[in-house]
Amino acid sequence: MKYDFKNIEKKWQDRWDKENAFAASDDYSKKKYFALVEFPYPSGQGLHVGHPRSYTALDIIARKRRMEGYNVLYPMGWDAFGLPTENFAIKNHIHPSVVTEKNVARFKSQLKSLGLSFDWSREINTTDPDYYKWTQWIFIQLFKKGLAYKKEMSVNFCTSCKCVLANEEVVNGVCERCGSEVVHKVKSQWMLKITEYAQRLIDDLADVDFIERVKTQQINWIGRSVGAEVDFGTTAGDKITIFTTRPDTLFGATYMVIAPEHALIEQWKDKLTNYDDIIAYREEAAKKSDFERTELVQKDKTGVRLEGVRAVNPVNGKEIPIFVSDYVLATYGTGAIMAVPAHDTRDWDFAKRFDLPIIEVVAGGDVNKEAFTDTETGKMVNSDFLNGLEVSEAKTAVIKWLSDKGIGKQKVNFKLRDWVFSRQRYWGEPIPLVYCEKHGWVPVPESELPLRLPNVESYEPTDNGESPLSSVADWVNTTCPICGAPAKRETDTMPQWAGSSWYFLRYCDPHNKTALASKEALKYWMPVDWYNGGMEHTTLHLLYSRFWAKFLYDIDILDTKEPYAKRTSHGMILGSNGEKMSKSRGNVVNPDDIVNELGADTMRLYEMFIGDFEKSAPWSETSIKGCKRFLERVFGMTELVKDEGVSEKLDIPFNKTIKKVSADIEDMKFNTAIAALMALTNDIYDNGSLTKDEMQTFITLLCPFAPHLCEEINELLGGKDLLSLSKWPEFDESKTKDNEVEIGVQINGKLRSTVKIAVDCDKDTALKLAKGDEKIKAFIDGHDIIKEIFVPGRIINIVVK
RNA sequence: GCAGGUGUGGCGGAACGGUAGACGCGCCGGUCUUAGGAACCGGUAUCUUCGAUGUGCAGGUUCAAGUCCUGUCACCUGCACCA
């Protein structure tokens, strides 16, 4: 019989669909399991072979959980707002909603062809007004709690297109589209106070099961550092407040640096004799991103000395110069630093370049050669009342001294910045606020949500950098919800991150008209039990959605502080040349082709077999054929099924395999789980026959990986019910070990021979057997045995002299 | 620059500190065939056989190191308006 995957796959997909086999039940008395994958952005290119890696992995988890008796929620949806759709729409003069609809249809049919067990009755789409109604509702709650505020922020602005650009659209400082110069322009933007949650976002990581590198990356991104805020006096009379993690080195501060955007520059306009130079420098700096700044600084430190104002070091009253330099970022700390060249590498480089004094205050290095940054070993010197103290003692002492004088205090600082929430774009959720001359910013009444995107003729960016919505007069002009006076709507839209920050909650109760989801549904389904996604989402999406979940917890919508109990990550699938797949490299593999030529089961199996799930792996057109061959062998195995007269030789291999596959799936070691099934297949073919029960066990184990084929074989064996909803096999622990093992015998740590011994063999017997071995004898004879090591079931090592 | 990660045969990758290379691909040989780019069987780390050498490189800890420690090199990913 031929393995006709095309018909088999179609047949079972239709049946699963018809029977709604994978729909999650609303019976909240059952034990639940919520498996989640990041919902895709439905791009015009269609599904990428990378998508199914994550989807298949959690599909396997979801399928296994169903077989273990859980009520499983494994949903899918569309994160459909976004820049590429908008740009495509502008270029081709098609409305973004039309583009989105088309892309979603394609994605959906592609996903369906893979036999993924999603509950399609819970499909969601972030661009659906019934969905974004609740995105807007959450924003209003944030606004009401004071967590949304307006702030002047610099944005990328193309001087030729006259529009605001995303960082991504800026390539080497010029506009990606027209190649013109991009400058930073200050604009008033909506911000969300994620920083208010910084500490909790760190602390609560202790309670969740995230892979370690995700945790560390989040912690580093939030970037908590304990230091001090210190006020420096100036000859102009104003103070400069700085943040430092090294208050202990205060006596070594020989100059100060403020960010080019620092407010004091304007304040000192009349006192600064070189004001023009400073402004020119600021304009140069404005062309660079923060990233470029810190990078370029490394190669070539730049800066301008402020002429006319000097600072005063509060610990010793000495006057020191002030510089502006772009290695100090306005967005971190206070936008001003004290520079201690002896003990900070960047300050040291800058001091060398501008020929500034370097004063050692921690002994232990040679500050003429390089900055000494060790905080563990040194003792304080040249520091008056701190002399002789350890660095850590000096920190405490100086903070006490500063706070006694009222010019400084301990301060916890975070690298994390507030979330810029405004976009000057059409294709996003309208921000549901109205500006009234009398009442300021007023939220749209909740009864009027969703605030729909107006259907406009032109959704192209305006030439003044405002959102396209600003040109829709009858939408912009409205009345104040409080006083009824004429008022204007906010025309900025939300970033794509908004819809994806809470989508998993909507899956719990996707058709609810009166709440984002019912309290009962959220209580039952949340938290997500297992969330898999890409490492590239670790610092943004994962942090943003944790922030929103915490906020919703605070306002009593959610019962759990953390949205995700467990987070894992998959590696990228690269092109066959080992490079990232991209059109320009010409190494893109289309999943449709694979499904057509080799079948969905082969595709699924290969993506799981390709390598370590967490690491990236190159696609191979030849390797995938090995997976097809394996499935054909499995199909062929049905001819080896015998009703009677079958030996029990396969007992141990089967029990071993059930144990290994069960454990490997939990550890996401899909590649070794499949390898074990392949090895078992080899055993079965060597054996020449197997029982019907064994065949049944085999297909049950393989079912999560290759569900269509296994359903088909199940039916051939006489099964009427869906194999996908049958019971996961159990194993007999006592039958998972062979009675006899072959273990290595080493002499001085080098393998010299092997011996076969019983599994429960004791040390004396084992060593006796080993010493009886001809090869071993030759190594022992004439030598003294110093030590004998025996690790049961593993190794014998005899140390001789 | 900052942060995170990776490095093992010809290739993808396996290895609770305990026989390095499971499983698969590829390759070599064979069987069957008019034919094979099908299927099946056997072999396959390197070196000149005995034996020795092998997990990016250099040290260290240990009876024993791919695995632990120190240093070093190379490559990959993210960096806040891409998703």
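Order of the sequence lines sets the chain letters (A, B, ...), proteins ahead of strands, with each chain counted from 1.
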Worksheet item: Considering only the C1' atoms, how many Å lie between U19(B) and C27(B), rounded to the nearest integer?
Response: 27 Å
Item to complete: Please determine if a side-chain N or O atom of Arg752(A) lies less than 4.0 Å away from the OP1 or OP2 oxygen of A52(B).
Response: yes
Worksheet item: What is the ring orientation for Tyr3(A) with Phe635(A), classed by angle as parallel under 30°, tilted 30 to 60°, or perpendicular over 60°?
Response: tilted
Worksheet item: Just to confirm, is there a sub-4.0 Å distance from OP1 or OP2 of A38(B) to any side-chain nitrogen or oxygen of Lys2(A)?
Response: no
Worksheet item: Atom NE2 of His570(A) and atom P of U77(B): how far apart are they, to the nearest Å?
Response: 15 Å
Worksheet item: Taking atom P in both C79(B) and G71(B), what distance in whole Å separates the two?
Response: 29 Å
Item to complete: Among G13(B), A39(B), C63(B), find the nucleotide with the atom closest to the side chain of Val799(A).
Response: C63(B)
Worksheet item: What class does the angle between the rings of Tyr132(A) and Phe81(A) fall in, given that below 30° is parallel, 30 to 60° is tilted and above 60° is perpendicular?
Response: tilted
Worksheet item: With a 4.0 Å cut-off, would you call Lys659(A) and Glu733(A) a salt bridge?
Response: yes
Worksheet item: Distance between the C1' atoms of A39(B) and U33(B), in whole angstroms?
Response: 11 Å
Worksheet item: Atom CG of Asp784(A) and atom P of C63(B): how far apart are they, to the nearest Å?
Response: 18 Å
Discussion item. Checking contacts here: which listed nucleotide (A20(B), G12(B), G7(B)) is nearest the side-chain heavy atoms of Lys615(A)?
Written reply: G7(B)
Discussion item. How many whole angstroms separate atom CG of Leu574(A) from atom P of U6(B)?
Written reply: 15 Å
Worksheet entry | Between G17(B) and A65(B) - P atom distance, rounded Å | 15 Å
Worksheet item: Starting at CD of Glu614(A) and ending at C1' of U77(B), how long is that distance when rounded to a whole Å?
Response: 14 Å
Practice prompt. Return the nearest nucleotide to the side chain of Gln217(A); candidates are C63(B), A3(B), C81(B).
Written response: A3(B)
Discussion item. Using whole Å, what does the distance between atom P of nucleotide A14(B) and atom CG of Leu677(A) come to?
Written reply: 16 Å
Item to complete: Mind checking Arg425(A) for me? I need base, sugar-phosphate or nothing, with any heavy atom below 4.0 Å counting as a touch.
Response: nothing
Worksheet item: Is Arg423(A) touching bases, backbone alone, or none of the nucleic acid, heavy atoms closer than 4.0 Å?
Response: base
Worksheet item: Among C81(B), G13(B), C25(B), which is the nearest nucleotide to the side chain of Thr622(A)?
Response: C25(B)
Discussion item. Taking only side-chain N and O atoms of Lys660(A), does any of them lie within less than 4.0 angstrom of OP1 or OP2 on A22(B)?
Written reply: no
Discussion item. Tell me if the aromatic rings of Phe421(A) and Phe139(A) count as close, with their centers under 6.0 Å from one another.
Written reply: yes
Worksheet item: Would you call Arg425(A) and Asp492(A) a salt bridge, using N to O less than 4.0 angstrom?
Response: no
Item to complete: For the pair Glu597(A) and Lys625(A), find out whether any cationic side-chain nitrogen is under 4.0 Å from an anionic carboxylate oxygen.
Response: no
Discussion item. Which heavy atom of Ser569(A) sits nearest to which heavy atom of Ile211(A), and what is that distance?
Written reply: CB-CD1, 3.7 Å
Worksheet item: Can you name the ring-ring contact (aromatic ring centres under 6.0 Å, His included) partners of Trp190(A), sequence neighbours left out?
Response: Phe143(A), Trp441(A)
Worksheet item: To the side chain of Asn797(A), which of U77(B), A14(B), G18(B) is closest?
Response: G18(B)
Worksheet item: Can you check the Ile219(A) CD1 to G4(B) P distance for me, whole Å?
Response: 11 Å
Worksheet item: Could you spell out the base pairing of RNA chain B in dot-bracket, with Watson-Crick or G-U pairs whose two distances are under 3.5 Å, [ ] crossing and | to another strand?
Response: (((((((..(((.....[....)))((((((.......))))))(((...)))..(((((..]....))))))))))))....
Worksheet item: Quick one: which of A80(B), C23(B), A39(B) gets closest to the side chain of Met678(A)?
Response: C23(B)
Worksheet entry | Shortest side-chain distance from Arg629(A), nucleotide among C16(B), C25(B), G12(B) | C25(B)
Item to complete: State whether the distance check finds a donor on one side and an acceptor on the other, under 3.5 Å, for side chain Glu788(A) versus base C63(B).
Response: no
Worksheet item: Which part of the nucleic acid does Tyr41(A) contact within heavy-atom distance under 4.0 Å: base, sugar-phosphate only, or nothing?
Response: sugar-phosphate
Fill in: Under-4.0 Å side-chain N/O to phosphate OP1/OP2 contact, Arg633(A) with C40(B)
yes
Worksheet item: Under 4.0 angstrom, heavy atoms only, what part of the nucleic acid is Lys750(A) near: base, sugar-phosphate, or nothing?
Response: sugar-phosphate
Fill in: Neighbour count >12 (heavy atoms, 6.0 Å) for atom CD, Glu536(A)
yes
Fill in: Value in whole Å for how far the C1' atom of C81(B) lies from CG of Leu540(A)
11 Å
Discussion item. With a 4.0 Å cutoff (strictly under), does any side-chain N or O of Asn220(A) reach OP1 or OP2 of G4(B)?
Written reply: yes
Worksheet item: Charged N to carboxylate O under 4.0 angstrom, Glu632(A) versus Arg629(A)?
Response: no
Worksheet item: Roughly how far apart, to the nearest Å, are A22(B) and A38(B) at atom C1'?
Response: 27 Å
Discussion item. Counting the atoms with a prime plus P, OP1 and OP2 as sugar-phosphate, which does His541(A) contact under 4.0 Å by heavy atoms, base, sugar-phosphate, or nothing?
Written reply: nothing
Worksheet entry | Atom-pair distance (OH on Tyr606(A); C1' on C25(B)), nearest Å | 9 Å
Discussion item. Once you apply a heavy-atom cut-off of 4.0 Å, does Leu416(A) come out as touching a base, just sugar-phosphate, or nothing?
Written reply: base
Fill in: Nucleotide of U6(B), G18(B), G4(B) approaching Met535(A) most closely (side-chain heavy atoms)
G4(B)
Fill in: Shortest side-chain distance from Thr216(A), nucleotide among C2(B), G4(B), G24(B)
G4(B)
Response to the item:
Of C23(B), A3(B), A14(B), the nucleotide closest to the side chain of Thr672(A) is A14(B)
Response to the item:
Judged by whether its glycosidic angle lies within 90° of 0, G66(B) is anti
Discussion item. Give me the atom names and distance for the closest heavy-atom approach of Tyr606(A) to Cys627(A).
Written reply: CA-SG, 3.6 Å
Discussion item. Work out how far the C1' atom of C11(B) is from that of A45(B), and round it to whole angstrom.
Written reply: 13 Å
Discussion item. I'd like the P distance from U6(B) over to A15(B), given in whole Å.
Written reply: 14 Å
